[in-house]
**Q** 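My questions all concern the structure below.
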There are 2 protein chains.
Amino acid sequence: MSEAIGGVAAPAGGTRERIQSVALQLFAEQGYESTSMRQIAEQLGFTKAALYYHFASKEDIVRALIESMLGEVADLVEWTRGQQAGPELRREVLARWAAIMHDQGLRMFRFLGANYRLVRDIGGEPGQSGGMAAVVAELFAILTPPGASVEDQLRVRFALLIINMTGMAARDLDASEADILDAAARISTGLLPPGF
Amino acid sequence: MSEAIGGVAAPAGGTRERIQSVALQLFAEQGYESTSMRQIAEQLGFTKAALYYHFASKEDIVRALIESMLGEVADLVEWTRGQQAGPELRREVLARWAAIMHDQGLRMFRFLGANYRLVRDIGGEPGQSGGMAAVVAELFAILTPPGASVEDQLRVRFALLIINMTGMAARDLDASEADILDAAARISTGLLPPGF
DNA sequence: GTCTATAGGCCGATAGAC
DNA sequence: GTCTATCGGCCTATAGAC
């Protein structure tokens, strides 16, 4: 968290940031399991052993990648606790969810889409209440109107999911990143159950 | 293709079908790369070497799993060539896409969602024009109205994509498989660009 | 058709020199 | 901070007995 923030811009910062940037790219293209530490190191011009000076393990790199985003999502869930439930809250939550994802950039989207299970499960085992899975489950509960039909429950899940799948869906689209992310946010909002 | 069809029902059929059924389950739960041949074999009660009597390779199992579905999708693309382009065709194509996926069952959906890249790329390298990627790209072209905006192009891609993501989105839903798949098809149709 | 045994390779991770 | 060398393990896949 020193020089480069978020890892979206050109990775001119410290070695740790450069490793994260390369890893994000490779994990997004090939998936976490199909990417080896050797491959990450070679892309950076040094050997695999040097990686272990900067990160304790392969999983540790992933944790660093999603750390800030996970924190923002947890803050969002926390914020909703003090709010009154209703349609306005639901639309506001969805807008903030899109904004969080927007901050991360398209490369992060592709990473999320390509490693859905990994991100969902990580941080879920330790003692504390961490994990993307738990946090997203809370968002489902907030966004789903009471007594919602199966279709409406699905609508809520799809509304959140397509934000994360934008990187995958927009792979061959000829448009700016900002236009794509804005369009995705509009479509997502339109997916929320009508009338609620 | 002898006794059990599709591998959805209880795998009482031949050994090949039982292997496919177990592999589909494990690939869906853990992903292709994180599932080993040893694991598949143990679940079936015999050793890894026996697997290679029935399938030439691990990838060969995946090919068998998506073979029939890939054939149906290719047929769908072929069928559209003789049709007149327009809104009716677009809605009909989407309905048929949902029907194809519907036939495969929720387990296949989960497998597709968890192994998106694998399925997309498989069969794309050989000499012929195979591969899910090529076939889906043609569907995009058919479904996208001429001169569509970025948002409308994204709508088409999301409409197809959420069908494949239904297994993931519906993981914790308390509803029958048929209800879930029907609801997903309705939501998908509603995502198509309005007015076209 | 299923077994044991093994080849051959890449993996994540560590030790220790510089 | 980066290197070479190496460990132990699991992987896909094959050979050959039964």
Side-chain angles (χ1 to χ4, degrees), chain A residues 1-4 11-27 29-66 111 114-115 117-119 121-123 125-126, chain B residues 1-4 7 11-27 29-66 114-115 117-119 121-123 125-126:
Chain A
M1 308 224 180
S2 50
E3 303 163 56
T15 307
R16 233 182 112 92
E17 283 78 10
R18 289 176 55 225
I19 292 172
Q20 287 191 48
S21 177
V22 166
L24 177 62
Q25 177 77 21
L26 290 174
F27 291 163
E29 280 174 11
Q30 314 174 334
Y32 175 76
E33 290 89 356
S34 300
T35 301
S36 69
M37 295 292 267
R38 187 182 59 80
Q39 204 177 357
I40 296 171
E42 276 180 0
Q43 190 115 342
L44 284 159
F46 47 63
T47 68
K48 167 176 77 149
L51 250 45
Y52 285 92
Y53 175 82
H54 300 279
F55 290 94
S57 68
K58 190 181 174 185
E59 188 178 310
D60 203 40
I61 299 180
V62 173
R63 276 185 209 280
L65 282 176
I66 65 173
F111 164 72
N115 301 277
R117 276 187 332 284
L118 175 73
V119 174
D121 296 336
I122 227 163
E125 311 90 32
Chain B
M1 308 214 181
S2 51
E3 303 161 56
T15 307
R16 235 183 109 91
E17 282 78 10
R18 288 176 56 223
I19 293 172
Q20 287 192 50
S21 177
V22 167
L24 178 63
Q25 177 77 21
L26 290 174
F27 291 163
E29 280 173 12
Q30 315 175 332
Y32 175 75
E33 290 89 356
S34 299
T35 301
S36 69
M37 295 292 267
R38 187 183 57 78
Q39 205 177 357
I40 297 170
E42 276 181 0
Q43 188 114 343
L44 284 159
F46 46 65
T47 68
K48 170 177 72 152
L51 250 46
Y52 285 93
Y53 175 82
H54 299 280
F55 290 94
S57 68
K58 190 182 174 185
E59 187 178 311
D60 203 40
I61 299 180
V62 173
R63 276 185 209 281
L65 281 176
I66 65 173
N115 301 276
R117 277 187 331 284
L118 176 73
V119 174
D121 296 336
I122 226 163
E125 311 92 33

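Convention: sequence-line order gives letters A, B, ...; per-chain numbering from 1. No experiment lies behind these values; they were computed from the predicted model shown.
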**Q** Which value, rounded to the nearest 0.5 Å, describes the distance between B/T15 atom OG1 and B/Q20 atom CD?
**A** 11.5 Å
**Q** What residues, two or more places apart in sequence or in another chain, satisfy side-chain contact (heavy atoms from CB on, under 4.5 Å) together with A/A114?
**A**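 A/A114 satisfies side-chain contact (heavy atoms from CB on, under 4.5 Å) with B/R117 only.
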**Q** Below 3.5 Å between N/O atoms, which protein atoms pair up with nucleotides 11-13 of chain D? Just atom names and distances, please.
**A**
{"from": "D/dC11", "atom 1": "OP1", "to": "B/S36", "atom 2": "OG", "distance (Å)": "3.2"}
{"from": "D/dC11", "atom 1": "OP2", "to": "B/R38", "atom 2": "NE", "distance (Å)": "3.1"}
{"from": "D/dT12", "atom 1": "OP1", "to": "B/K58", "atom 2": "NZ", "distance (Å)": "3.1"}
{"from": "D/dT12", "atom 1": "OP2", "to": "B/M37", "atom 2": "N", "distance (Å)": "3.1"}
{"from": "D/dT12", "atom 1": "O4", "to": "B/K48", "atom 2": "NZ", "distance (Å)": "3.2"}
{"from": "D/dA13", "atom 1": "OP2", "to": "B/Y52", "atom 2": "OH", "distance (Å)": "3.1"}
{"from": "D/dA13", "atom 1": "OP2", "to": "B/K58", "atom 2": "N", "distance (Å)": "2.9"}
{"from": "D/dA13", "atom 1": "N6", "to": "B/K48", "atom 2": "NZ", "distance (Å)": "3.0"}

**Q** Contact class for A/F46 (heavy atom, under 4.0 Å): base, sugar-phosphate, or nothing?
**A**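 Touches sugar-phosphate only.
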**Q** Supply the atom-to-atom distance B/I40 CD1 to B/Q25 CD, rounded to the nearest 0.5 angstrom.
**A** 11.5 Å
**Q** For residues A/S57 and A/D60, determine if any side-chain heavy atom of one lies less than 4.5 Å from a side-chain heavy atom of the other.
**A**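 A/S57 vs A/D60: side chains touch.
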**Q** Just to verify, what does B/S34 make a side-chain hydrogen bond (donor to acceptor under 3.5 Å, both in side chains) with, not counting sequence neighbours?
**A** A/E33
**Q** Does anything in residues 44-54 of chain B pair up under salt bridge (Lys or Arg N to Asp or Glu O under 4.0 Å), and if so which pairs, sequence neighbours excluded?
**A** none
**Q** Hey, where on DNA chain C does chain B first and last touch, going 5' to 3'? Cut-off is any atom under 4.0 Å from a heavy atom.
**A**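 Using the under 4.0 Å cut-off, the span is C/dG1 to C/dT4.
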**Q** Which residues satisfy the ring-ring contact (aromatic ring centres under 6.0 Å, His included) test with A/Y32, sequence neighbours excluded?
**A**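 Expected list: A/F27.
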**Q** Between A/A49 and A/S34, which has a closest nucleotide on DNA chain C that is more 5'?
**A**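 That would be A/S34.
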**Q** For residues 35-47 of chain B, pull every pair meeting side-chain hydrogen bond (donor to acceptor under 3.5 Å, both in side chains), keeping only residues two or more places apart or in separate chains.
**A** B/Q30-B/T35, B/Q30-B/Q39, B/R38-B/E42
